Colleague: 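Here it is, the structure, as structure tokens.
The sequence lines fix the lettering, A, B, ..., with proteins before strands; numbering per chain opens at 1. Since we're looking at a predicted model, the values are computed, not measured.
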Number of protein chains: 2
Amino acid sequence: MADLRADARRNRDRLVEAAAALFAERGPDAPLDEVARRAGVGVGTLYRRFPDRDALVRAVAVTSLRRVVGNARAAAGAADGWSGLTGFVRASVGDLRLAAGLSMTFARTWAGLRLDAEHEELRDELVALLQQLVDRAHGEGAMRPEVSAGDLAVLLALVLRPLPGAPPALVGGAAERHIAIVLEGMRAHPGEPLPGDPLLLDDLR
Amino acid sequence: MADLRADARRNRDRLVEAAAALFAERGPDAPLDEVARRAGVGVGTLYRRFPDRDALVRAVAVTSLRRVVGNARAAAGAADGWSGLTGFVRASVGDLRLAAGLSMTFARTWAGLRLDAEHEELRDELVALLQQLVDRAHGEGAMRPEVSAGDLAVLLALVLRPLPGAPPALVGGAAERHIAIVLEGMRAHPGEPLPGDPLLLDDLR
DNA sequence: CTCAATCGGAGGATTTTCCTCCACTTACTG
DNA sequence: CAGTAAGTGGAGGAAAATCCTCCGATTGAG
């Protein structure tokens, strides 16, 4: 996977990126022909590199996760929990957008598919780091104690998922803004208590 | 449309409801056979009542809009703008979930399809009422002035849209909670300024 | 009880999606 | 700057999903 010819590698990357966008928008069942078209690449190239849909889905998830986990590691070293958390989220907006397809991979997990070793490892590390950041922010009194790491995860997935058929530039560019609003809503301050129960990360498996 | 036999009316309603859920989840191109199946009704029944996909999409949008506009009218008479706004949102969560299909109808508008008279009328009234509620909340200093009615509309559509293949009970039931977090984030209080520009409702047409 | 309205869903037509195959192109290597 | 192994695109047939008609069975209304 590392020793590809330059053009091959380029096309592979394009495919993963296009697939991430399309999966995020339309779910993991989006037609592969369209992935190829969006990537500006022939279908033959797609099927040569990814023998079946699952291989592509896995590649998308792992690629995104790798970067997101990188961001989370960096955030763990931040001065305080809250700024670590917001820093992580902001840094990851782009990757999470790709990684919204990640939530689909969770869906696949629910659907009973096996994850390969690296995938599972990354997922677990991300979950641990996220929980740690949230705990820290809670401890500092910077974050509403009723808001859980699971709430955060779900809200990120929801808000970063593009609306189908939307005006891409317009709504897409607004993601950072909307995420900022959501983060504000998670901040500690004297509001009414939230309805319902916190989502635990474990509930999301 | 009013003088249907009892069973016919019941089935029609079931169809609209099932279609709303499916359109919200998978976009307005979701297979009609599955709409029928989810509604517990034969395909024949579906095609008899809605000659083509567009008729069904229109019915979903108008039905949802009617109820949402009703809520908005009620909210316009609230004691203050902010409670009117939150009241409206909370009351509409169920309908907006259905009406997430509404955002698809916006998408169809973008795609260049004509809306019938009632649909357009409802849309315009909702936009006006929403803008009015937000203006009032702004005037009272209860809502962050940088958050626009368009921001609100888009965030609602995003957060209420179900994740595909998700654990339906779990994530579905959390909608109210997540909406509450978003509303908190829109409240006036001394936070950092939001990045980006406010979304105007007119930008969304 | 009658019957016109309605229902369900089998199944053929149509469209979408998959995915192989190969003649042509391109990056690397000596 | 060839030679060549690796890579490429996309036509097109197979397979699957989706559409949507049709009709014998069922059911609500008077």
Colleague: Please give the angle, rounded to 10 degrees, between the axes at the start and the end of the helix from C/dC1-D/dG30 to C/dG30-D/dC1, where five pairs define each axis.
Modeller: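 Helix axis angle between the two ends: 40°.
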Colleague: Take the protein atom CG of B/L46 and the nucleotide atom P of C/dA10, then report the distance between them rounded to whole Å.
Modeller: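 These atoms are roughly 16 Å apart.
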Colleague: When you measure from the side chain of A/H119 to the backbone N and O of A/R58, does any donor-acceptor pair fall under 3.5 Å?
Modeller: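 Checking the backbone N and O of A/R58 against the side chain of A/H119, no donor-acceptor pair under 3.5 Å is found.
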Colleague: If you assign B/D33 and B/D7 each to the DNA chain D nucleotide with the nearest heavy atom, which residue ends up on the more 5' nucleotide?
Modeller: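 So the residue in question is B/D33.
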Colleague: If you check every side-chain atom of B/A8, which of C/dA27, D/dG9, C/dC7 has the closest atom?
Modeller: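 Closest nucleotide to the B/A8 side chain: C/dC7.
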Colleague: Strictly below 4.0 Å, N to O, side chains only: are A/D80 and A/R136 in salt-bridge contact?
Modeller: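 So A/D80 does not pair with A/R136 through a salt bridge.
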Colleague: What is the separation between atom CG on B/D3 and atom P on C/dA5, rounded to the nearest whole Å?
Modeller: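 The answer, rounded to whole Å, is 11 Å.
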Colleague: Of the non-hydrogen atoms in A/R12 and A/A59, which two are nearest, and what is the gap between them?
Modeller: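 Here A/R12 and A/A59 meet closest at NH2-CB, 4.2 Å.
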Colleague: Of A/R10 and B/G44, whose closest DNA chain C nucleotide lies nearer the 5' terminus?
Modeller: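 Comparing both residues, the 5'-ward one is B/G44.
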Colleague: Without decimals, in angstroms, what is the distance between B/R12 CZ and C/dA5 P?
Modeller: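 To the nearest whole Å, that distance equals 19 Å.
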Colleague: It should be established whether B/N11 places a side-chain nitrogen or oxygen under 4.0 Å from OP1 or OP2 of nucleotide C/dT6.
Modeller: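 False: B/N11 side-chain N/O out of range (4.0 Å or more) of C/dT6 OP1/OP2.
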Colleague: What nucleotide among C/dG8, D/dA29, C/dC28 has an atom nearest to a side-chain atom of B/V41?
Modeller: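 Side chain of B/V41 sits closest to C/dG8.
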Colleague: Between A/M143 and A/M186, what is the shortest heavy-atom contact and its length?
Modeller: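 Here A/M143 and A/M186 meet closest at CG-O, 3.5 Å.
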Colleague: Apply salt bridge (charged side-chain N to carboxylate O under 4.0 Å, His left out) to residues B/R14 and B/E17 and explain how you reach the verdict.
Modeller: CA-CA 5 Å; B/R14 281 187 189 167; B/E17 194 175 352; over 6 Å; no
Colleague: From the set D/dG10, C/dG8, C/dG9, return the single nucleotide nearest to any side-chain atom of B/V43.
Modeller: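 Selected nucleotide (nearest to the side chain): C/dG9.
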Colleague: Would you call B/R187 and A/E184 a salt bridge, using N to O less than 4.0 angstrom?
Modeller: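 A salt bridge is absent here (no side-chain N lies under 4.0 Å from a carboxylate O).
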Colleague: What contact category does B/R49 fall into here, base, sugar-phosphate, or nothing, at under 4.0 angstrom with non-hydrogen atoms?
Modeller: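 If one applies the 4.0 Å heavy-atom cut-off, B/R49 turns out to touch the sugar-phosphate alone, with no base involved.
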Colleague: Between D/dG12 atom C1' and A/Y47 atom OH, what is the distance in whole Å?
Modeller: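 These atoms are roughly 14 Å apart.
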Colleague: Between A/R66 and A/E118 (salt bridge meaning N to carboxylate O under 4.0 Å), is one present in this structure?
Modeller: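 Salt bridge: yes.
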Colleague: Can you tell me how far P of D/dG10 sits from CG of A/L32, to the nearest Å?
Modeller: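 From A/L32 CG to D/dG10 P: 17 Å.
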Colleague: Whole angstroms only, please: what is the CZ-P distance between A/R48 and D/dA5?
Modeller: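 Going from CZ in A/R48 over to P in D/dA5 covers 17 Å.
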Colleague: Starting at the 5' end of DNA chain D and moving along, which residue's nearest nucleotide shows up first, A/R5 or B/P51?
Modeller: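 Its nucleotide being nearer the 5' end, the pick is A/R5.
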Colleague: Nearest whole Å is fine: how far is D/dA29 P from B/L4 CG?
Modeller: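 B/L4 atom CG is separated from D/dA29 atom P by 11 Å.
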Colleague: Please give, in whole Å, the distance from D/dT8 P to A/D13 CG?
Modeller: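 Spelled out: CG on A/D13 to P on D/dT8 is 12 Å.
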